[in-house]
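Residue numbers start from 1 in every chain, and the chains themselves are labelled A, B, ... in the order their sequence lines are given, proteins ahead of strands.
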There are 2 protein chains.
Amino acid sequence: MGFQIIPLPYNDEMDRNTRQRHAIELVFKAADRPLSVQDVLEAGQKILPALGIATVYRAIKGMVDEKWLTPVQIPGENPYYEPAGKTHHHHFRCRQCQKVFELEGCVFDFDKHLPNGFHAEHHDLVIYGRCPICPASVKSTRRAARQH
Amino acid sequence: MGFQIIPLPYNDEMDRNTRQRHAIELVFKAADRPLSVQDVLEAGQKILPALGIATVYRAIKGMVDEKWLTPVQIPGENPYYEPAGKTHHHHFRCRQCQKVFELEGCVFDFDKHLPNGFHAEHHDLVIYGRCPICPASVKSTRRAARQH
DNA sequence: GTAGCTGCAAATTCTTTGCAGTTGT
DNA sequence: ACAACTGCAAAGAATTTGCAGCTAC
């Protein structure tokens with residue numbers, strides 16, 4: 001017998017366009033910031049009240065495998081997710097309102113700052129502080145990161 | 001590549017100097033990189049075989065409260081801990097050997113790069129790549145997180 | 001019709017906590 | 001002596017998985 005073609009490790013889950021996955025897709029499309037699993041569950045249940053948490057986990061995992069979503073990991077917290085395909089960016093976490101904002105652009109060139117022998121392939125950066133909405137003072141809210 | 005062991009700020013806030021806390025202290029002093037709870041448990045059990053996981057969690061938590069240890073959060077992974085009191089620094093995670101290294105110094109001034117209205121107070125940075133010990137060719141295995 | 005998806009509940013993994021016994025001071 | 005500490009086991013919290021029924025195609 002000959003060789004067999006082994007299916008690509010590429011994941012094409014979400015074979016079906018079910019109500020629940022469509023609802024979850026809508027939730028992400030309507031969101032203006034990264035969402036937690038609970039955020040997705042709650043928003044999704046407004047569309048489909050019977051939506052279960054396991055389905056949300058499975059759908060999100062499938063969408064991440066398909067590169068439709070990207071996880072946003074804030075150290076010490078449960079993951080958030082946001083639609084993929086955006087340009088390289090980082091996140092800002094407001095210590096007052098606890099919301100996570102996206103920061104466009106990346107001004108860093110890490111390779112040149114690493115010790116000899118280290119090679120940088122990727123990086124994650126989270127900046128913590130105070131956002132324009134929660135000011136202890138400041139208010140000049142020019143356009144900035146996608147908020148909320 | 002290596003790390004230096006920076007002298008720890010001495011701290012006597014622990015109510016008692018028990019064998020198990022002393023063992024855990026030794027483990028951290030002997031470590032040349034941030035350690036996970038499991039790392040500490042395993043190393044500690046070489047000194048005190050009966051050492052329990054709950055004790056490790058409690059001791060680490062106490063040492064963090066006392067500012068004797070600092071948590072090192074790598075997105076998507078369980079926390080590591082390292083002796084506190086070092087200068088501001090970041091971490092490098094080798095995608096091959098999975099080890100976490102310390103990178104001294106931080107040349108970035110993030111406040112300058114934030115949109116108007118945002119104020120940076122703190123930041124976390126993790127650089128991913130290949131460390132000097134690991135050969136360039138080896139392919140990294142599937143998501144090696146969840147080790148222990 | 002049927003493979004894939006869903007909800008539920010049970011299982012996993014990591015961490016915390018209650019408790020009775022132990023130990024440092 | 002006695003409060004703090006410890007190990008164990010049970011409890012929590014977040015996520016995954018097994019399974020019988022449902023549903024998109």
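- To the nearest 0.5 Å, atoms OH (B:Y81) and NZ (B:K61) are separated by 9.0 Å.
- Nearest nucleotide to the A:A54 side chain, out of D:dT6, D:dT15, C:dC8: C:dC8.
- Atom CD of B:Q20 is separated from atom C1' of D:dA4 by 12 Å (rounded to the nearest Å).
- At the heavy-atom level, A:I53 lies nowhere under 4.0 Å from the strands shown.
- For the pair A:N17 CG and D:dC22 P, the computed distance is 21 Å after rounding to whole Å.
- Applying the 4.0 Å criterion to OP1 and OP2 of C:dG4, one finds that A:T18 has every side-chain N and O outside that range.
- At the phosphate of D:dA4, neither OP1 nor OP2 sits under 4.0 Å from any side-chain N or O atom of B:R58.
- Aromatic ring orientation, A:F101 versus A:F92: perpendicular (interplanar angle above 60°, classes split at 30° and 60°).
- One atom, CD of A:E66, and another, P of C:dG4, lie 14 Å apart when rounded to the nearest Å.
- We find that OH of B:Y57 is positioned 9 Å from C1' of C:dT13, with the value rounded to whole Å.
- In the set C:dT17, D:dA24, C:dG24, D:dA24 carries the atom at the smallest distance from any side-chain atom of A:R19.
- Formation of a donor-acceptor pair under 3.5 Å by the A:Q45 side chain with backbone atoms of A:L51 is found in this model.
- The nearest whole Å value for the distance from the CG atom in A:D39 to the P atom in D:dA14 is 13 Å.
- Ranking C:dA9, D:dC5, C:dA3 by closeness to the A:R16 side chain, first place goes to C:dA3.
- Using a 4.0 Å cut-off, no side-chain N or O of B:K61 falls inside it from OP1 or OP2 of C:dT15.
- The distance between atom OH of B:Y81 and atom C1' of C:dC14, rounded to the nearest whole Å, is 11 Å.
- Between the CG atom of B:L41 and the C1' atom of C:dT13 there is a distance of 15 Å, given to the nearest Å.
- Between the CD1 atom of A:I24 and the P atom of C:dC5 there is a distance of 12 Å, rounded to whole Å.
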